[in-house]
Amino acid sequence: QVQLVESGGGLVQTGGSLRLSCVVSGRTFGLYAMGWFRQAPGKEREFVAAITWNGGSTYYADFVKGRFPISRDKAKNTVYLQMNSLKPEDTAVYYCAASYRYGSVSIYRTEDAMDYWGKGTLVTVSS
């Protein structure tokens with residue numbers, strides 16, 4: 001059984017920063033990648049960033065490149081999303097996801113490539 005628990009969401013002003021964390025518990029053997037997705041009110045869930053668990057290769061959605069670096073701490077079984085220069089349009093529920101499927105980092109931009117999901121953490125950016 002694999003569980004993902006996100007934390008770090010909250011209310012922040014435009015231009016501010018937040019760091020999201022996601023702790024993986026249960027089976028980490030065979031974990032290939034972790035990703036962050038988000039769902040804004042009234043919109044479909046979309047890919048934000050992904051990182052391979054062992055090699056640390058990263059892949060980003062175009063709209064967050066340079067603003068939201070993703071990282072992982074294998075010793076703590078944790079993946080992070082550092083969110084900088086936040087904008088009101090970044091307001092969303094942010095979900096962590098894990099994949100046990102091998103592939104190039106870009107495949108983890110699709111929801112179908114992910115096997116487990118957290119319950120999400122809400123980020124609200126005020127204007």
Running the 4.5 Å side-chain criterion over Ile, Leu, Val, Met, Phe, Trp and Tyr, what cluster does Y102 land in, apart from itself?
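Reading the cluster by chain and number, Y102 sits alongside Y32, F37, F47, Y59, V93, Y95, V105, I107, Y108, M114, W117, L122.
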
Other members of the hydrophobic cluster containing F29, with the 4.5 Å side-chain heavy-atom rule, please.
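Traced through the cluster, F29 reaches no other member.
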
Please tell me if the side chains of [X] and [Y] come closer than 4.5 Å, counting only heavy atoms from C-beta onward.
X    : Y   : result
L86  : L18 : yes
R67  : K87 : yes
V123 : L20 : yes

Ignoring hydrogens and geometry, is there a side-chain-to-backbone donor-acceptor pair from [X] to [Y] under 3.5 Å?
X    : Y    : value
R72  : W53  : yes
S99  : A113 : yes
T121 : G9   : yes
E6   : G120 : yes
T52  : S57  : yes

Is it true that Y60 and Y80 fall in one hydrophobic cluster, defined by side-chain heavy atoms closer than 4.5 Å?
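No; Y80 is not reachable from Y60 via cluster members.
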
Flag yes if V12 and F68 sit in one hydrophobic cluster, no otherwise; membership is Ile, Leu, Val, Met, Phe, Trp, Tyr, and two members link when side-chain heavy atoms are under 4.5 Å apart.
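Linked, V12 and F68 end up in one cluster.
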
Residues which pass ring pair (Phe, Tyr, Trp, His ring centres under 6.0 Å) with Y100, listed by chain and number, not counting sequence neighbours
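Per chain and number, Y100 pairs via ring pair (Phe, Tyr, Trp, His ring centres under 6.0 Å) with Y116.
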
My understanding is that only residues two or more places apart in sequence, or in another chain, count here; which of them pass side chain to side chain donor-acceptor pair (under 3.5 Å) with Q3?
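With sequence neighbours excluded, Q3 shows a side chain to side chain donor-acceptor pair (under 3.5 Å) to no residue whatsoever.
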
Taking NZ in K76 as the centre, count heavy atoms belonging to other residues, nucleotides or ligands within less than 6.0 Å. Is the count above 12?
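Not buried by this count: 12 neighbours or fewer within 6.0 Å.
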
CE-OG1 distance between M34 and T28, expressed to the nearest 0.5 angstrom:
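Output value for this atom pair is 10.5 Å.
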
Among all residues two or more places apart in sequence or in another chain, which pass the salt bridge (charged side-chain N to carboxylate O under 4.0 Å, His left out) test with R109?
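Expected list: none.
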
Of all pairs that satisfy salt bridge (Lys or Arg N to Asp or Glu O under 4.0 Å), the ones with a partner from residues 112-122, not counting sequence neighbours:
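For residues 112-122, and leaving out neighbouring residues, the salt bridge (Lys or Arg N to Asp or Glu O under 4.0 Å) pairs sorted by first residue read R101-D115.
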
Could you go through S17 and N84, starting from their C-alpha distance and side-chain angles, then the distance that decides it, and tell me whether this counts as side-chain hydrogen bond (donor to acceptor under 3.5 Å, both in side chains)?
CA-CA 4 Å; S17 298; N84 302 316; 3.1 Å; yes

Apply side-chain contact (heavy atoms from CB on, under 4.5 Å) to the pair V125 and Q13, showing each step before the final yes or no.
CA-CA 5 Å; V125 184; Q13 291 184 335; over 6 Å; no

Q39 versus K43, closest heavy-atom pair with distance
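Closest heavy-atom pair between Q39 and K43: NE2-O, 3.0 Å.
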
Against V24, only a single residue in T78, V79, L4, V5 fulfils side chain to side chain contact (heavy atoms under 4.5 Å, CB included); can you say which?
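Single pass found, and it is L4.
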
For the residue pair Y94 / R38, report whether a side-chain donor-acceptor contact shorter than 3.5 Å exists.
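Note: R38 and Y94 side chains meet the donor-acceptor criterion.
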
